[in-house]
Number of protein chains: 2
Amino acid sequence: MVNERKLAKRSRPEIQEDIRQAAIQEFALHGLRGATTQSIAERAQLSKAQLHYYIESKEALYVELLQGVVDEWSRESFGQRDGDPAHVLASYVKRKLAFSFDQPLLSKMFANELISGAEVLRSILTQPRTRAGQAVQTLTQWIDEGRIRALDPWLFLMHIWAVTQHYADFDVQVRFMMRVRAGQPLDRARIVREVVAFVLHGCGLTPSEDDLA
Amino acid sequence: MVNERKLAKRSRPEIQEDIRQAAIQEFALHGLRGATTQSIAERAQLSKAQLHYYIESKEALYVELLQGVVDEWSRESFGQRDGDPAHVLASYVKRKLAFSFDQPLLSKMFANELISGAEVLRSILTQPRTRAGQAVQTLTQWIDEGRIRALDPWLFLMHIWAVTQHYADFDVQVRFMMRVRAGQPLDRARIVREVVAFVLHGCGLTPSEDDLA
DNA sequence: GTCTATATGGGGATAGAC
DNA sequence: GTCTATCCCCATATAGAC
């Protein structure tokens, strides 16, 4: 069997990790309804029946993975309110972009769930909102102190999410417009510069060369 | 049968329109793979078998609808290059936002297709890119003339799309963050103000009260 | 031309063999 | 504990009745 890739026998945790990765792929691309245990199994190099031994159900797997994404995002902090707004915002945008570049599938899964009506996410969404509330407080203080222009902090925050997550969720479009082929990497440095500059100007700040790097 | 809504016998074009609307709903929420002819049929008040008399196949229906969205977008113009940048941009943003508010399902369908890898859209996507190219030319000229700050016109354009389409694709999140219930309308005027202000500041302009209205 | 009855395959999940 | 054989339902689609 020369043509068959040798498969070292996987340990249980290895298999479980392979399943998670496979499921993230499928859920990210096709959503809960569109993903099939068939494709997840194939991707994880298991039979469909084998897969069902390792998971409770398709939906349970989905919920577990989604909860993981939310947990990860909830750990992320916005930044110190007594810090330099330009610096704090630039840092926040960079972290958001890094997530989009490094974990595009998790962002896509989240996006898919929202577009589909967020029936699963709805109960979990309180967590991120609390986090976001802290960022909003900081922004509000900055506005009161005249350190950034007067704006709606909630909408502003969502605009940051929109622009940064765009690079993960709609990477196909970005690549098409930028004429970057599927395999090739995007010009991250350039995108970081542009997004940071856009966001900082957007709230009335002028980015320093340091912020853009 | 008092409880049954009286159904005036629908004409063929009426039925076809009902099918289109039903399909847009399902495709927008669940994508090509996730949508079922079952749910489309129910939504259009037909039996599954009846539906299949009116459509060629699920995929054909999908492609037709998607092409329609792209056609509609391709008709939209960016604006005159010799106009006032702030005014042209404000107008463009407002039209994009109006589309998000009035046709959120079409935007969602498009988003879903992109997230899923755009296998169907890929061949159609050249059309919008040509349109976008014209906008980019205008932006480039404005930069050369020093009328807006130096920025990457392609990325800037996509940032506008990201922020405006966000209100359609992720309306669930927007509503959740703004504490607006599902039935209630969003505060469009406020959102228009904030997005226009964000975009104009973002390219180094200061919006007039006129642009924000 | 329109819709009912039906074919055929793929979907998620499990009983029971190893 | 692990996986094979199998179940049953729902999916898309069509042949043929009206």
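The structure displayed is predicted, hence computed values, not measured ones.
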Practice prompt. Give a yes-or-no answer on whether the side chains of Gln141(B) and Gln137(B) include a donor-acceptor pair shorter than 3.5 Å.
Written response: no

Worksheet item: Between Ile15(B) (CD1) and dG1(C) (P), how many Å, whole number?
Response: 14 Å

Worksheet entry | Side chain proximity check, Asp169(B) to Phe170(A), heavy atoms < 4.5 angstrom | yes

Worksheet item: Does the side chain of Ile191(A) reach to within under 4.5 Å of the side chain of Phe101(A), using non-hydrogen atoms?
Response: yes

Worksheet item: So, Tyr62(A) versus Glu113(A): side-chain donor-acceptor pair below 3.5 Å or not?
Response: yes

Discussion item. Would Arg129(B) and Trp154(B) count as a cation-pi pair here, with the cationic atom under 6.0 angstrom from the ring centre and within 45° of the axis?
Written reply: yes

Worksheet entry | Separation of dG1(C) C1' from Gln16(B) CD (nearest whole Å) | 12 Å

Discussion item. Please report the distance, rounded to the nearest Å, between CG in Leu51(A) and P in dC3(D).
Written reply: 12 Å

Discussion item. Nearest whole Å is fine: how far is dC3(C) P from Gln45(B) CD?
Written reply: 13 Å

Discussion item. I need a per-nucleotide contact map over nucleotides 9-18 of chain C, read 5' to 3'. Cutoff is protein heavy atoms under 4.0 Å; write B for the base, S for backbone only, - otherwise.
Written reply: --BBBB----

Discussion item. Among residues 61-68 of chain B, which ones have heavy-atom contacts with DNA chain D below 4.0 Å?
Written reply: none

Worksheet item: Does the ring center of Trp73(A) lie less than 6.0 Å from the ring center of Phe110(A)?
Response: yes

Worksheet item: Between Trp142(B) and Phe78(B), what is the ring plane arrangement, given parallel below 30°, perpendicular above 60°, and tilted in between?
Response: tilted

Worksheet item: Would you call Leu51(B) and Ser47(B) a side-chain contact if the rule is heavy atoms closer than 4.5 Å?
Response: no

Discussion item. Of the listed nucleotides (dT4(C), dT2(C), dC3(D)), which one gets closest to any side-chain atom of Tyr54(A)?
Written reply: dC3(D)

